[in-house]
Amino acid sequence: MLFTDSARPVPMSTGTGGSGRAHSLEPTAGRRCHDAVAPLHSCVYFAPEQQDELAALGLERGPMVYYAGRAAPLGMVDAGTVTATFYNFDHEHVRRYIPAAWRIATPEAVLEARLRVADRTLRRLLGAEALASKEMAEAAELALRAAKAGRREARPLYSANADLPVPDEPHLALWHAATLLREHRGDGHLAALMVADLPGLEALVLHNATGRAPTSAVFMQTRGWSAEEWAAAGGRLRERGLLDEAGDLTGAGAALRGEVEALTDRLDAAPYDHLGPAATARLTELAGAFTASLRAAGAFPAAVFGKG
């Protein structure tokens, strides 16, 4: 069992399934699997347990909790490292909380608290029966198999998380693997955004225009951008022909987003090539069912998402 040794980090591979060749996957199969798995990680950001556990360490509720919780695998890094790896956060906003957070709680203490957050959150949202199910154990096994095949090169958040030990309990092993898969795709996505010449704020505004992202108010509050900066970024996107006057995606904007996602798919292929088509489809099915339960339990508040 991959989650039986809590002292062992996930091993890395070349991303070819150990056979020297990649499996033939449908181009968006990995994206669909990621979209099913990633909410099992990201649900903690909307959970009161995260604020409570990290505030109990003395951290300030809100942005400091988020920055410390996500950056802790990197160690006692400075604000510049967090801004660089998180990509779409205002640097001055980051500097208000990092490195001050490390003078309150060490990264090691935050990492221990993160696991308590994941445990409490998943227990509350999914229930004890789901956590003890054979489906949970199977999903953890498959997700860890995928996660171990990620590429470390130019992926700081993935690589830092990959050095952490695998938790013993299946639901925590799944949360750990979901974290790895989420950060692996995220690190690659940042490279794709840079190729598309989309700085962090412009990327947020363009994403918000789809109506499937957090609201502009949430983005500005959590990432430290002002309304004036948000409006100016929208103006730059209109000048590029990516948004229309109403703030909606133009054809060119939708096409650019499609190109970014397609490049992200290619950069994120290794974990799912390693699993192969059948196991990737099975992980998508299993994780999708758990994610559907999270959504039904209110893990992602509807008021937080939407255009504008």
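Source: prediction; values computed, not measured.
- Take E135 and apply the side chain to side chain donor-acceptor pair (under 3.5 Å) test, not counting sequence neighbours, and it matches no residue.
- Membership of the apolar cluster around L242 extends to Y87, L190, L193, M194, L198, L201, L204, V205, L206, F219, M220, W225, W230, L237, L243, L249, L256, V260, as traced through chained side-chain contacts below 4.5 Å between ILVMFWY residues.
- Around atom CD of E261, more than 12 heavy atoms belonging to other residues, nucleotides or ligands sit under 6.0 Å away.
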Applying side chain to side chain contact (heavy atoms under 4.5 Å, CB included), run through F290 and S133 and close with a yes or a no. CA-CA 11 Å; F290 289 128; S133 67; 4.1 Å; yes

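- Nearest heavy atoms, A101 versus L59: O-CD2, 3.6 Å.
- L267 belongs to a hydrophobic cluster whose remaining members, ordered by chain and number, are V195, L263; membership requires side-chain heavy atoms of ILVMFWY residues under 4.5 Å apart, directly or through intermediates.
- Applying the ring-ring contact (aromatic ring centres under 6.0 Å, His included) test to residues at least two apart or on different chains, the pairs with a partner in residues 181-206 are Y158-H184.
- Here E183 pairs with R70 under the salt bridge (charged side-chain N to carboxylate O under 4.0 Å, His left out) rule; sequence neighbours left out.
- Annotation: salt bridge (charged side-chain N to carboxylate O under 4.0 Å, His left out) contacts of R31 (sequence neighbours excluded): D265.
- Residues R32 and T28 bring a donor and an acceptor atom of their side chains to less than 3.5 Å of each other.
- Comment: R185 engages D268 in a salt bridge, judged by a side-chain N to carboxylate O separation of less than 4.0 angstrom.
- In terms of the side chain to side chain donor-acceptor pair (under 3.5 Å) criterion, residue partners of R124 (sequence neighbours excluded) are, by chain and number, E49.
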Determine, stepwise, if the pair L174 / M136 fulfils side chain to side chain contact (heavy atoms under 4.5 Å, CB included). CA-CA 8 Å; L174 179 57; M136 180 65 69; 3.5 Å; yes

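- Legend: salt bridge (charged side-chain N to carboxylate O under 4.0 Å, His left out) pairs involving residues 88-97, not counting sequence neighbours, sorted by first then second residue: E92-R95.
- For E108, the side chain to side chain contact (heavy atoms under 4.5 Å, CB included) partners two or more places apart in sequence, or in a different chain, are T106.
- Shown here are the side chain to side chain donor-acceptor pair (under 3.5 Å) partners of R123, two or more places apart in sequence or in another chain: D119, E169.
- Residue pairs satisfying the ring-ring contact (aromatic ring centres under 6.0 Å, His included) criterion with at least one member in residues 40-64, sequence neighbours excluded, are listed as follows: H41-Y45, H41-W175, Y45-Y66, F46-F300, F46-F305.
- Nearest approach of V110 to A68, heavy atoms of both residues: CG1-O, 3.5 Å.
- Within the structure, the salt bridge (charged side-chain N to carboxylate O under 4.0 Å, His left out) test picks out the following pairs touching residues 198-210 (sequence neighbours left out): E202-R236.
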